Amino acid sequence: MLDIQFIRENQELVQKAATDKGSSVSIAELVSLDDKRRSQIAQADTLRQQRNEHAKSMKQGRPSEEQIAKGKELKEQIATVEAELASINETYSKLLYEIPNVPSHDTPVGSSEDDNQVLRQCGTKPNFDFEPKPHWELTNYIDQERAARISGARFAFIQGLVAKLEMALMYWGMQQLSDPEVIAGIISDAGLDIDPKPFTAMLPPVMMRTEAYKATGRLKPNDVTFKLADDDLWLIGSAEHSLCAYYKGETLEHEQLPIRFVGYSPAFRREVGSAGADTRGILRVHQFNKLEMESFTDEETSRAEHEFMIAVQEYLMAQLGLPYQVVLKCTFDMGGPNQRGVDIETWMPGQQKYRETHSADLMGDYQARGLQTKYKDADGNKKVAYTNDATAIADRTLIAIIENYQQPDGTIAIPEVLQPLM
RNA sequence: GGAGAGGUGACAGAGCGGCCGAUUGUGCUUCCCUGCUAAGGAAGUGUGGGCGCAAGCCCACCGUGGGUUCAAAUCCCACCCUCUCCGCCA
């Protein structure tokens with residue numbers, strides 16, 4: 001969420017940001033609710049002050065009937081005001097969570113994904129002397145029919161060579177990101193001036209409690225997040241969700257920053273509202289595996305960290321020999337909590353188009369405010385931490401390998417960097 | 001899942017329903033002492049919020065949420081977490 005103080009001081013800016021993102025929230029409504037909330041707090045505080053003073057005045061000796069009656073009256077008044085405050089608070093915090101983050105200055109304002117900007121295209125599209133197939137026609141390795149019989153639509157058995165390829169791919173990615181030399185090289189090639197600390201490899205929990213999940217701002221019960229019926233637990237939609245909550249309620253020392261995690265986990269998504277889209281193949285499924293980057297930085301280096309994560313993505317793509325384009329998402333297409341969103345779309349020869357395989361999100365302090373993850377800056381002042389997340393490698397990367405490395409006989413060649421692992 | 005113990009400030013660790021936002025020790029900061037260090041002495045040292053130009057005043061917070069009471073860290077209930085033992089189990 002945004003800082004209410006910031007919202008109050010920048011009402012026009014925040015309102016424009018929300019409108020540009022296609023949100024119908026009213027900042028004026030929020031502010032007037034906050035006014036009401038503040039006056040209610042003042043009232044409650046005054047009454048409580050009276051109660052405290054009253055209680056103090058009869059500390060020794062037994063209080064008279066009269067004193068007790070006055071205390072009772074105060075108690076009731078407090079209860080009334082507090083009840084009103086609680087109801088205002090409920091509406092208020094719901095509204096506050098709905099206020100989207102303010103997009104970065106270079107984010108294009110747009111009304112559909114057509115307004116996204118292609119920043120660059122890299123790599124070479126492969127030439128085939130045969131008709132390349134979409135991955136769903138390379139059925140040796142992906143069995144969706146049997147998966148559907150037992151789990152329903154949008155599930156798959158990934159088997160044989162491709163199953164092993166995925167393990168190699170993810171393992172390779174984790175190795176790369178936790179290798180100090182690789183990280184230092186990426187940073188220097190990208191011309192960035194940030195700490196070359198490598199990522200810490202993580203295998204995070206894939207279920208989260210409601211309270212923690214809500215705090216991440218990523219809980220979307222209706223169309224994305226799966227809920228477990230008998231427990232207060234949700235299946236994570238990305239390793240990012242549990243990784244970003246790692247320091248929930250903690251204050252980090254400035255020297256600890258940046259903190260970088262690379263986490264591998266399955267990701268679960270309900271995909272409600274995408275009926276009919278990408279029904280063939282495993283581009284859009286309820287369960288997939290993903291290697292995800294997450295980092296915590298101070299305010300000053302947050303943007304550079306975002307650029308760094310994109311550089312990591314591009315490094316991995318180049319190493320894998322996959323052609324891709326980098327797309328800057330417009331206000332309409334980016335997520336509500338984002339300041340900036342960049343997608344990597346990889347060329348899929350079997351589909352003859354670029355498909356989204358990665359994303360990189362600049363969150364600012366929007367996410368960490370809900371999580372109450374803070375840091376002490378160089379002067380010792382407490383500030384809300386800045387978070388960044390980005391895909392390192394997803395099963396969609398695997399799809400890209402399948403389609404780009406397919407052979408005439410339906411088998412798949414192995415990218416050079418993965419060959420030692422296969 | 002069953003039985004027991006416990007969750008208090010950076011850490012350790014007290015706490016009778018009102019004198020406890022919280023004893024004390026350690027750590028940390030500043031100062032004094034000191035050739036240096038150690039020891040010693042003094043003061044300070046939580047977070048969030050409201051009001052205020054400010055100094056400051058006030059409110060809340062002792063795992064979380066409820067309740068009892070004129071008054072709750074202290075009593076009651078539920079939940080969460082940690083530890084020990086038992087059971088089950090990859």
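What you see is a predicted model, and the numbers here were worked out from it, not measured in a lab. Residue numbers begin at 1 in each chain, while the letters A, B, ... track the order of the sequences.
Toward the 5′ end of RNA chain B lies the nearest nucleotide of Lys382(A), the other residue of the pair Lys382(A) and Ile41(A) mapping further downstream. If Arg37(A) and Gly71(A) are placed on RNA chain B by their nearest nucleotide, the residue sitting closer to the 5' end is Arg37(A).
Rounded to a whole Å, the CG atom of Leu47(A) is 16 Å from the C1' atom of A71(B). The distance from atom CG of Asp34(A) to atom P of G49(B) is 12 Å, rounded to the nearest whole Å. Rounded to an integer number of Å, the gap from CD of Glu76(A) to P of C70(B) is 10 Å. For the pair Glu250(A) CD and U47(B) C1', the interatomic distance rounds to 15 Å; values are reported in whole Å. When the C1' atom of U47(B) is taken as reference, atom NZ of Lys376(A) falls 11 Å away, rounded to whole Å. Between the CG atom of Leu74(A) and the C1' atom of U69(B) there is a distance of 14 Å, given to the nearest Å. Whole-Å rounding puts the Lys214(A) NZ to G65(B) P distance at 14 Å. Going from atom CD of Glu82(A) over to atom P of G65(B) covers 13 Å, rounded to whole Å.
The nucleotide A78(B) finds its pairing partner in U64(B), both defining distances of the Watson-Crick or G-U wobble pair being shorter than 3.5 Å. Across the strands present, C88(B) finds no partner; the criterion is a Watson-Crick or G-U wobble pair with both atom distances under 3.5 angstrom. In this entry U29(B) has A43(B) as its Watson-Crick or G-U wobble partner, both defining distances falling under 3.5 Å. Across all strands shown, A54(B) forms no Watson-Crick or G-U wobble pair with both key distances under 3.5 Å. Base pairing of C83(B) is made with G4(B), judged by Watson-Crick or G-U wobble geometry with both donor-acceptor distances under 3.5 Å. Look at C20(B): it lacks any Watson-Crick or wobble partner with both distances under 3.5 angstrom. Remark: A71(B) base-pairs with no nucleotide; criterion is Watson-Crick or G-U wobble with both hydrogen-bond distances under 3.5 Å.
Using a cutoff of 4.0 Å between basic side-chain nitrogens and carboxylate oxygens, Asp361(A) and Arg218(A) are scored as salt-bridged. A salt bridge links Asp278(A) to Arg355(A): at least one charged side-chain nitrogen sits closer than 4.0 Å to a carboxylate oxygen. Of the charged side-chain nitrogens involved, none lies within less than 4.0 Å of a carboxylate oxygen, so that Glu271(A) and Arg269(A) do not count as a salt-bridged pair. At a threshold of 4.0 Å, the pair Asp34(A)-Arg8(A) counts as salt-bridged, since one of the basic side-chain nitrogens sits closer than that to a carboxylate oxygen.
An OP1 or OP2 oxygen of G48(B) is reached within less than 4.0 angstrom by a side-chain nitrogen or oxygen of Lys374(A). At A71(B), one or more side-chain N or O atoms of Lys75(A) fall inside 4.0 Å of OP1 or OP2 (strictly under the cut-off).
Distance alone, capped at 3.5 Å, is enough to place a donor-acceptor pair between the Arg260(A) side chain and the Lys197(A) backbone.
Of the P atoms belonging to U69(B) and A5(B), the separation is 29 Å, rounded to the nearest Å. Atom name C1', nucleotides G48(B) and C62(B): the rounded distance is 15 Å, in whole Å. Separation of the P atoms belonging to U24(B) and A72(B) is 25 Å when rounded to the nearest angstrom. Look at the P atom in both A22(B) and C36(B): the space between them is 38 Å, to the nearest Å. Look at the C1' atom in both A55(B) and A12(B): the space between them is 37 Å, to the nearest Å. C20(B) and A14(B) have their C1' atoms separated by 12 Å, with the value rounded to a whole Å. Taking the P atoms as reference points, C85(B) lies 36 Å from C28(B), given to the whole Å. Rounded to a whole angstrom, the distance from the P atom of C31(B) to that of C57(B) is 26 Å.
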| Along nucleotides 51-63 of chain B, 5' to 3', which nucleotides get a B, which get an S, and which get a -, given that the test is a protein heavy-atom distance under 4.0 Å? | S------SSS---

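With respect to His241(A), the ring-ring contact (aromatic ring centres under 6.0 Å, His included) criterion is satisfied by exactly one of Trp234(A), Tyr213(A), Phe268(A): Tyr213(A).
In this structure, Arg209(A) and Leu233(A) approach most closely via the heavy-atom pair N-CD2, 3.9 Å. What you find for Cys244(A) and Gln367(A) is that their closest heavy atoms are SG-NE2, 3.6 Å.
Atom CD of Glu416(A) is surrounded by 12 or fewer heavy atoms from other residues, nucleotides or ligands within 6.0 Å.
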